[in-house]
There are 2 protein chains.
Amino acid sequence: MTQETRPLSKKDIRRENEKLILEAAEKVFAEAGFGGATMQLIADLAGLPKANLHYYFPTKESLYRRVVQTIFHDWLKAADIFDNAPGPVEGIGAYIDAKMEISRRHPAGSKVWASEVMHRAPVIQDYLETTLVEWTEGRMAIIQRWIDEGKMNPVDPRHLLYMLWATTQHYADFGHQIETLNGNAPLSDSQWEAAKGSVKTIILTGIGAIPSA
Amino acid sequence: MTQETRPLSKKDIRRENEKLILEAAEKVFAEAGFGGATMQLIADLAGLPKANLHYYFPTKESLYRRVVQTIFHDWLKAADIFDNAPGPVEGIGAYIDAKMEISRRHPAGSKVWASEVMHRAPVIQDYLETTLVEWTEGRMAIIQRWIDEGKMNPVDPRHLLYMLWATTQHYADFGHQIETLNGNAPLSDSQWEAAKGSVKTIILTGIGAIPSA
DNA sequence: CATCATCTTGACCATACGGTCAGGTTGAGA
DNA sequence: TCTCAACCTGACCGTATGGTCAAGATGATG
């Protein structure tokens, strides 16, 4: 009945352990914030001795940095959909879907990101000033094009983007509040669908991309 | 040339010092989170010795609790406007204005609140389950009435409220990101007006309270 | 099989932090 | 003026935390 465990190669060990650590770290950083998180807690959750964490990540900050970078990467990737969409209904609709799905599947990541930005982005400020600025300008141009083509109302693209970020991430960052208001229960499948639908309907109607009911 | 300082009464001293401490604490908790904040930092910012903080607030947690309670109170108060409004344009419009103003004037408070909720509301969970639940149901009823009266589209009142919270608080909680995207400059008066206008236009249009442009 | 780089970990260390306390100062009240 | 409660604070303490290290275990390489 014993599980025959084949010895792992060194590469596999490294990959496996880094993954364990990063997953545990994301959760703990999300729950407790950078200051409240302890290496011991992360180690326990990862099922490794604390000293082993410091073998892979020399300092708490270096571990945190890796977590945040990963999240930032996913954050940007979620918007690929935006690019080749013919108009706002498809582009923004799909973007809302994608970001809502991230909020649902990876709430911890969203929280770490929110925390990082709230604390004035001590570790990813350089990314904000370069990558995020470029990214934002690119999407603003797309939205402006849709406006020029008469596919939506002339709203300020910048504030529309902020609204998209705010509304979608809210379901992760304030998930606890939402659960409490849902009778201390997590949203069901259909409730998530309703949430997505509400956000899409109000925003797409709000920018004149679909007719008002 | 010496400034003649009249001796303060004991009551004044207490009031004055508590105020100093609470203001400093709000800032430090907002910047660093509960775990990252230190009593020494708060003391320095308040201009008092650390031991004096412990005279007024026995523990770090008790100080934090007071900060969060104050914020929760303001949070609820912002929605009085909602109540006697004849319809969504006035009610929701004024609510957006009020919450945007809070985000502008008291970003630290908003951040502390966000942090508290993100960390599963360790100190105000009871308030969420009682006061906030009641409050939310009351506003949902008002929105539903407006819907029944044909003053707006039949959107889900719950998700509309979430959207209002998300969009307005975003300007405080993610203020740093917004500043970075604004060329590392805080929003000017006119930019704040533009932000308010965008949020109101999109949401009020989105719920069919005002016609699409 | 021998050698080596990589991985593992219990024990340890220095520091920083929340909190305490004793002794002193100062406004309030009689 | 005297007494007392409220206020103040430098010095101190126990603990928890991030980080180190040296000695051992384990897979890779030839």
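Hydrogens, waters and symmetry mates play no part in the numbers below; they use all other heavy atoms, side chains included. Chain A is the first sequence line, chain B the second, and so forth, proteins listed ahead of strands; every chain is numbered from 1.
Here D:dC7 presents its C1' atom at 15 Å from CZ of B:F57, a figure rounded to the nearest Å. Whole-Å rounding puts the A:R15 CZ to C:dC7 P distance at 12 Å. Rounded to an integer number of Å, the gap from CD1 of B:I13 to C1' of D:dT9 is 14 Å. A:D12 places its CG atom 17 Å from the P atom of D:dT26, with the value rounded to the nearest Å. Nucleotide D:dA5 holds its P atom 16 Å from the CZ atom of B:R14, rounded to whole Å. Atom CD1 of A:I42 and atom C1' of D:dG18 are 11 Å apart (whole Å). Protein atom CG of A:L53 is 13 Å distant from nucleotide atom P of C:dG10, rounded to whole Å. Taking atom CG of A:N52 as the reference point, atom P of D:dA23 lies 19 Å away to the nearest angstrom.
A:Y162 and B:H170 have tilted rings, their planes meeting at an angle from 30° to 60° on a 0 to 90° scale. Using cut-offs of 30° and 60° for the angle between ring planes, the A:Y95 and A:F82 rings count as perpendicular.
For B:N17 and D:dC8, the shortest distance from a side-chain N or O to OP1 or OP2 is below 4.0 Å. The phosphate of D:dC7 has OP1 or OP2 within less than 4.0 Å of a side-chain N or O from B:Y55.
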Under 3.5 Å, N/O pairs linking protein and nucleotides 13-19 of chain C:
{"from": "C:dG18", "atom 1": "OP1", "to": "B:A37", "atom 2": "O", "distance (Å)": "3.2"}
{"from": "C:dG18", "atom 1": "OP1", "to": "B:K60", "atom 2": "NZ", "distance (Å)": "3.2"}
{"from": "C:dG18", "atom 1": "OP2", "to": "B:M39", "atom 2": "N", "distance (Å)": "2.9"}
{"from": "C:dG18", "atom 1": "N7", "to": "B:K50", "atom 2": "NZ", "distance (Å)": "3.0"}
{"from": "C:dG19", "atom 1": "OP2", "to": "B:K60", "atom 2": "N", "distance (Å)": "2.6"}
{"from": "C:dG19", "atom 1": "N7", "to": "B:K50", "atom 2": "NZ", "distance (Å)": "3.1"}
{"from": "C:dG19", "atom 1": "O6", "to": "B:K50", "atom 2": "NZ", "distance (Å)": "2.8"}

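For A:K60, the NZ atom counts as densely surrounded, since its 6.0 Å shell holds more than 12 non-hydrogen atoms of other residues, nucleotides or ligands.
Summarising the geometry, atom CE belonging to A:M152 is positioned 4.5 Å from atom CD1 belonging to A:I147; distances are rounded to the nearest 0.5 Å.
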*Please test B:R104 against B:Y171 for side-chain contact (heavy atoms from CB on, under 4.5 Å), starting from the C-alpha separation and ending with a verdict.*
CA-CA 7 Å; B:R104 183 177 190 184; B:Y171 284 86; over 6 Å; no
What's the verdict on side-chain hydrogen bond (donor to acceptor under 3.5 Å, both in side chains) for B:Q125 and A:H176, showing C-alpha distance, side-chain angles and the deciding distance?
CA-CA 10 Å; B:Q125 179 59 20; A:H176 174 73; 2.5 Å; yes
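Checking D:dT9, D:dC21, D:dA28 against the side-chain heavy atoms of A:A51 singles out D:dC21 as nearest.
Across every non-hydrogen atom of A:P122 and A:E116, the tightest pair is N-OE2, 3.2 Å.
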